Peer 1: 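Questions regarding the structure given below will be posed in turn.
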There are 2 protein chains.
Amino acid sequence: MHESVMSDYFRLFNEIGIIEQLSRTMLEARLPPGFVAAQFTVLNHLVRVGDGRTPLAIAQAFQVPKNSMTHSLSVLEREGLIEVRKNPQDGRSKLVYITDSGRTLRQRIIDSFAPDIARIADGFPHEHVVRLLPHLEELRKFLDADRDARN
Amino acid sequence: MHESVMSDYFRLFNEIGIIEQLSRTMLEARLPPGFVAAQFTVLNHLVRVGDGRTPLAIAQAFQVPKNSMTHSLSVLEREGLIEVRKNPQDGRSKLVYITDSGRTLRQRIIDSFAPDIARIADGFPHEHVVRLLPHLEELRKFLDADRDARN
DNA sequence: ACTATATAGTTCTATACAGAACCAAATGCA
DNA sequence: TGCATTTGGTTCTGTATAGAACTATATAGT
């Protein structure tokens, strides 16, 4: 493996890390005080892919440790944005539902984020995003699979 | 702005967030216990772009808050991996230098990471990386500039 | 059925992270 | 020169995050 090839992969992950940092900061600037990106993304996930999922499934969707997800969910529950019920199919497990107030807040946040997206779309057009997405998805899926293979 | 366009940007940042999470976890598995990705990336940065930089410059390179950088640097200094000297040009400021032991550790980590990269390169070939990098760089630079414009 | 193992989630703990307020040196400007 | 503002960095504080160990339920193998 050539040094320069290695360093391209490092640069790739480095760029991704910086973009993650920047986009997270931008998002958090629009969130209610004390609210953090991870909590919003969970809320968003529940709307996009549907609720009634287990905490573990959600943790896996974002590839975060399950104890981190326990924490995020407990915050969302404390704020009345989700409901956590026991899973009738499995006594070990729970199911997560978004509440009306969670749904409303999510929509409010998305609306308030629109101007930011509009500005980004000016400098980084939608076609670019469309071209980028499949490749990133491919990379993500591969890393996912590779991780599973390792564990 | 159409709902679907918005949601593509959300998906973009979401994919990036997951990849960041996965690559960070993978990297941290190779780091000495207690060592965290942020600390390695600083070490790596000092070698790649050269040391003798100010903490603020480094914070800006990664777009993290300067107090976060203060923390990372203090850990690296405590471990003897960097040296922080006062800047003779500016009494407010400091300059960060990597030590021999920091350089050595960084190389050790990179070497130990090689098999992971090799595996990734199998599933996600180098050409893909080369094609992706300029677009990500463009996005990162735009977000950078936009952020500065906002502040 | 009985034991071993795997799975879902929580708790405990230590560290990272980031906002806010702060201090000190530097710069701008009257 | 003197005062206001800006800049570089740290401190203080509260929250997020994640490893490790734990509990409880479920599943597999015999």
Side-chain angles (χ1 to χ4, degrees), chain A residues 17-18 20-42 52-79 82 84-96 147-148 151, chain B residues 17-18 20-42 52-79 82 84-96 147-148 151:
Chain A
I18 295 173
E20 188 276 339
Q21 170 81 21
L22 285 163
S23 60
R24 184 164 44 81
T25 304
M26 189 181 329
L27 172 61
E28 284 177 352
R30 299 293 185 189
L31 299 182
F35 220 68
V36 102
Q39 290 146 17
F40 167 75
T41 60
V42 169
R53 285 156 199 283
T54 67
L56 186 62
I58 302 172
Q60 282 165 346
F62 295 107
Q63 292 293 334
V64 301
K66 57 187 180 167
N67 52 357
S68 303
M69 189 50 62
T70 296
H71 177 73
S72 299
L73 293 177
S74 74
V75 171
L76 291 171
E77 193 177 26
R78 169 164 52 75
E79 301 298 322
I82 62 169
V84 182
R85 310 191 197 134
K86 47 179 62 161
N87 185 349
Q89 317 303 325
D90 185 336
R92 295 165 300 180
S93 151
K94 308 206 170 159
L95 297 176
V96 180
R147 178 177 195 258
D148 290 346
N151 299 338
Chain B
I18 296 171
E20 189 276 338
Q21 171 82 19
L22 285 163
S23 60
R24 184 163 44 80
T25 304
M26 189 182 328
L27 171 61
E28 284 177 352
R30 298 295 185 186
L31 299 182
F35 221 69
V36 102
Q39 290 145 18
F40 167 75
T41 60
V42 169
R53 286 158 198 280
T54 67
L56 187 61
I58 302 171
Q60 282 166 345
F62 294 106
Q63 293 292 335
V64 300
K66 57 188 180 167
N67 52 356
S68 302
M69 190 50 62
T70 296
H71 177 73
S72 298
L73 293 176
S74 73
V75 171
L76 291 171
E77 193 177 26
R78 167 162 55 74
E79 301 298 321
I82 61 170
V84 182
R85 309 191 198 133
K86 49 178 62 163
N87 185 348
Q89 318 301 325
D90 185 336
R92 294 165 301 181
S93 151
K94 310 205 170 157
L95 297 176
V96 179
R147 177 179 196 258
D148 290 345
N151 298 337

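Scope of the values below: all heavy atoms of this structure, side chains included, with no hydrogens, waters or symmetry mates. What you are looking at is a predicted structure, and each value in this text was computed from that prediction instead of being measured. In the text below, chain A, chain B and the rest are named by the order of the sequence lines, each starting its count at 1.
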Peer 1: State which of dA18(D), dT11(D), dG9(C) makes the closest approach to the side chain of Thr70(B).
Peer 2: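 Nearest to the side-chain atoms of Thr70(B), counting from C-beta on, is dT11(D).
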Peer 1: Base, sugar-phosphate, or nothing: which does Ser68(B) touch, judged by heavy atoms less than 4.0 Å apart?
Peer 2: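 Touches a base.
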Peer 1: Where the side chain of Pro65(A) is defined as all heavy atoms beyond and including C-beta, which of dA18(D), dT7(C), dG9(C) is the nearest nucleotide?
Peer 2: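 Selected nucleotide: dA18(D).
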Peer 1: Between the base of dG9(C) and the side chain of Lys66(A), is there a donor-acceptor distance below 3.5 Å?
Peer 2: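 Answer is yes: a donor-acceptor pair is held.
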Peer 1: Tell me which of Gln39(A) and Asn67(A) sits closer to the 5' end of DNA chain D, going by the nucleotide each one is nearest to.
Peer 2: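 Result: Gln39(A).
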Peer 1: What is the distance, to the nearest angstrom, from the CD1 atom on Ile58(A) to the P atom on dT17(D)?
Peer 2: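 Between P of dT17(D) and CD1 of Ile58(A): 15 Å.
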Peer 1: Would one find a side-chain N or O of Thr54(A) under 4.0 angstrom from OP1 or OP2 of dA8(C)?
Peer 2: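 Indeed not, no polar side-chain atom of Thr54(A) lies that close.
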Peer 1: Just N and O in the side chain of His71(B): are any of them under 4.0 Å from OP1 or OP2 of dC17(C)?
Peer 2: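 So the side-chain polar atoms of His71(B) never come under 4.0 Å of the phosphate oxygens OP1 or OP2 of dC17(C).
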Peer 1: Hey, what do you get for CG (Leu95(B)) to CD1 (Ile82(B)), rounding to the nearest 0.5 Å?
Peer 2: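 Going from the CG atom of Leu95(B) to the CD1 atom of Ile82(B) covers 11.5 Å.
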Peer 1: On DNA chain C, nearest-nucleotide positions of Lys94(A) versus Glu28(A): which is more 5'?
Peer 2: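 Nearest-nucleotide comparison on DNA chain C picks Lys94(A).
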Peer 1: Where the side chain of Leu56(B) is concerned, which of dT17(D), dA18(D), dG8(D) is the nearest nucleotide?
Peer 2: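 So the side chain of Leu56(B) is nearest to dG8(D).
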Peer 1: Between Glu28(B) and Leu31(B), is any pair of side-chain heavy atoms under 4.5 Å apart?
Peer 2: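 Yes - at least one pair of side-chain heavy atoms lies under 4.5 Å apart.
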Peer 1: If I take atom CZ in residue Arg30(A) and atom C1' in nucleotide dG19(C), what distance separates them, rounded to the nearest angstrom?
Peer 2: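 After rounding, the reported distance stands at 18 Å.
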Peer 1: Please give, in whole Å, the distance from dA16(D) P to Leu31(A) CG?
Peer 2: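 Taking CG of Leu31(A) and P of dA16(D), I get 12 Å after rounding.
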Peer 1: Answer yes or no: is there a donor N or O on one side and an acceptor on the other, between the side chain of Gln63(A) and the main chain of Gln21(B), under 3.5 Å?
Peer 2: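 No: the side chain of Gln63(A) does not pair with the backbone of Gln21(B).
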Peer 1: In whole angstroms, how far is the C1' atom of dT17(D) from the CD atom of Glu20(B)?
Peer 2: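 Going from CD in Glu20(B) over to C1' in dT17(D) covers 12 Å.
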Peer 1: With a non-hydrogen cut-off below 4.0 angstrom, is Gln21(B) in contact with a base, only sugar-phosphate, or nothing?
Peer 2: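 Contact class for Gln21(B): sugar-phosphate only.
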Peer 1: Rounded to the nearest Å, what distance is computed from the CE atom of residue Met69(A) to the P atom of nucleotide dT10(C)?
Peer 2: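 So the CE-P distance, Met69(A) to dT10(C), works out to 11 Å.
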Peer 1: Is there a side-chain contact between Leu56(B) and Gln60(B), using heavy atoms and a 4.5 Å cut-off?
Peer 2: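 With C-beta onward as the side chain, the pair touches.
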Peer 1: For residues Pro55(B) and Val96(B), determine if any side-chain heavy atom of one lies less than 4.5 Å from a side-chain heavy atom of the other.
Peer 2: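 Touching, per the 4.5 Å side-chain cut-off.
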Peer 1: Mapping Val75(A) and Gln89(A) to their closest nucleotides on DNA chain D, which lands nearer the 5' end?
Peer 2: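 The answer here is Val75(A).
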Peer 1: Starting at atom NZ of Lys86(A), determine the distance to atom P of dG9(C), rounded to an integer number of angstrom.
Peer 2: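 Computing the Lys86(A):NZ to dG9(C):P distance gives 13 Å.
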Peer 1: Give the rounded distance in Å between these two atoms: CG of Leu27(A) and P of dA18(C).
Peer 2: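 Roughly 14 Å, once rounded to whole Å.
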Peer 1: Measure the distance from CZ on Phe62(A) to P on dA18(D) and round it to the nearest whole Å.
Peer 2: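 Those two atoms, CZ and P, are 13 Å apart.
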Peer 1: OP1, OP2 of dA18(C) versus side-chain N and O of Arg24(A): anything below 4.0 Å?
Peer 2: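 For dA18(C), OP1 or OP2 has a side-chain N or O of Arg24(A) closer than 4.0 Å.
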Peer 1: Answer yes or no: side-chain N or O of Asp90(B) and base N or O of dG8(D) forming a donor-acceptor pair under 3.5 Å.
Peer 2: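 No pair found.
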